[in-house]
Amino acid sequence: MRQFMVQIAWTAVPLLLVVSAFFGFFSLTPWLDCKPLSELQQVIQESDPTIQDTLVPPPGTGCFTNGHGHISFHRHGLRWEEPVRFALHIAAMAIPFALLFLTVWLGNRMKPGDDTVTAEHVAVFLVSVVVSVASLSLVLSGN
């Protein structure tokens with residue numbers, strides 16, 4: 001039974017890390033392409049001048065992105081205006097990926113049928129779960 005629980009844990013943790021890393025990646029992409037609101041008129045003129053009068057940024061907008069002709073406004077500011085928040089989003093993507101590689105590396109070192117769990121296995125498991133939950137809560141909170 002214990003071996004079965006170890007296998008479940010070493011399957012669930014990488015899946016949780018992959019999910020949190022992808023959420024971190026997709027929350028980071030708007031930061032990378034965000035433009036200051038001062039460039040909005042120029043982008044509108046280049047893409048569709050007919051929407052110039054109707055497109056007004058909502059209050060609290062920090063920047064905008066123009067993806068495939070669709071303009072989206074974002075609450076966060078630009079990378080250089082909010083470096084701490086930007087660094088948190090990079091960490092929300094990079095740390096789960098690093099822990100995923102560590103988990104796979106440690107999992108490959110376990111012998112089939114061996115249910116011995118070392119302190120490093122427990123530490124990586126606990127850190128992975130905590131980092132995944134923190135990463136997902138940062139991303140899903142919209143910060």
Side-chain angles (χ1 to χ4, degrees), residues 3-112 114-143:
Q3 180 182 2
F4 182 67
M5 296 304 290
V6 169
Q7 288 175 342
I8 288 175
W10 281 103
T11 304
V13 166
L15 290 175
L16 186 62
L17 288 169
V18 165
V19 167
S20 61
F22 278 118
F23 269 93
F25 172 76
F26 287 115
S27 75
L28 182 66
T29 53
W31 281 88
L32 299 174
D33 192 33
C34 232
K35 295 177 180 62
L37 292 175
S38 60
E39 296 180 15
L40 181 60
Q41 293 302 322
Q42 177 185 357
V43 170
I44 290 173
Q45 289 297 326
E46 292 171 358
S47 60
D48 186 8
T50 60
I51 63 170
Q52 184 169 4
D53 296 332
T54 59
L55 189 65
V56 178
T61 300
C63 62
F64 74 97
T65 55
N66 182 14
H68 306 288
H70 178 75
I71 295 176
S72 301
F73 297 103
H74 303 280
R75 289 183 309 174
H76 60 76
L78 300 166
R79 295 184 305 267
W80 54 87
E81 292 174 347
E82 299 185 44
V84 173
R85 284 179 66 190
F86 180 64
L88 284 173
H89 281 269
I90 289 176
M93 180 193 68
I95 293 174
F97 269 127
L99 286 172
L100 177 65
F101 289 120
L102 184 62
T103 303
V104 169
W105 180 69
L106 283 175
N108 287 340
R109 290 180 35 204
M110 295 178 73
K111 296 177 180 69
D114 183 14
D115 64 348
T116 305
V117 179
T118 63
E120 66 184 358
H121 289 97
V122 173
V124 168
F125 176 79
L126 293 175
V127 168
S128 298
V129 170
V130 168
V131 164
S132 294
V133 169
S135 173
L136 287 171
S137 65
L138 170 77
V139 169
L140 295 176
S141 71
N143 287 325

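What's counted below: heavy atoms across the whole structure, side chains too, no hydrogens, waters or symmetry copies.
- Legend: residues meeting side chain to side chain contact (heavy atoms under 4.5 Å, CB included) with Q45, ordered by chain and number and at least two apart, are P49, Q52.
- Heavy-atom minimum distance, S27 versus P30: O-CD, 3.5 Å.
- Legend: salt bridge (Lys or Arg N to Asp or Glu O under 4.0 Å) pairs involving residues 21-37, not counting sequence neighbours, sorted by first then second residue: D33-K35.
- Looking at every heavy atom in both residues, T61 comes nearest to L37 through O-CD1, 3.6 Å.
- The stretch residues 63-101 participates, sequence neighbours left out, in these disulfide (SG to SG under 2.5 Å) pairs: C34-C63.
- With rounding to the nearest 0.5 angstrom, the CD1 atom of I95 is 11.0 Å from the CG atom of L17.
- Not a single ring pair (Phe, Tyr, Trp, His ring centres under 6.0 Å) links F64 to another residue, sequence neighbours left out.
- Shown here are the side chain to side chain contact (heavy atoms under 4.5 Å, CB included) partners of L55, two or more places apart in sequence or in another chain: L40, I44, I51, I71, F73.
- Partners of P83 by side chain to side chain contact (heavy atoms under 4.5 Å, CB included), not counting sequence neighbours: none found.
- Proximity of a side-chain donor or acceptor of E81 to a complementary backbone N or O of L78 within less than 3.5 Å is detected.
- Considering only residues two or more places apart in sequence or on other chains, A21 meets the side chain to side chain contact (heavy atoms under 4.5 Å, CB included) condition with P96, F97.
- The nearest pair of heavy atoms linking H76 to E82 is C-OE2, 3.7 Å.
- In this structure a side-chain-to-backbone donor-acceptor pair under 3.5 Å is present from R79 to L32.
- In terms of heavy-atom proximity, S135 sits nearest to S20 at OG-O, 3.7 Å.
- Atom-to-atom distance recorded for M93:CE and F23:CZ is 15.0 Å, nearest 0.5 angstrom.
- Counting all heavy atoms, side chain and backbone alike, V129 lies closest to L16 at CA-CD2, 4.3 Å.
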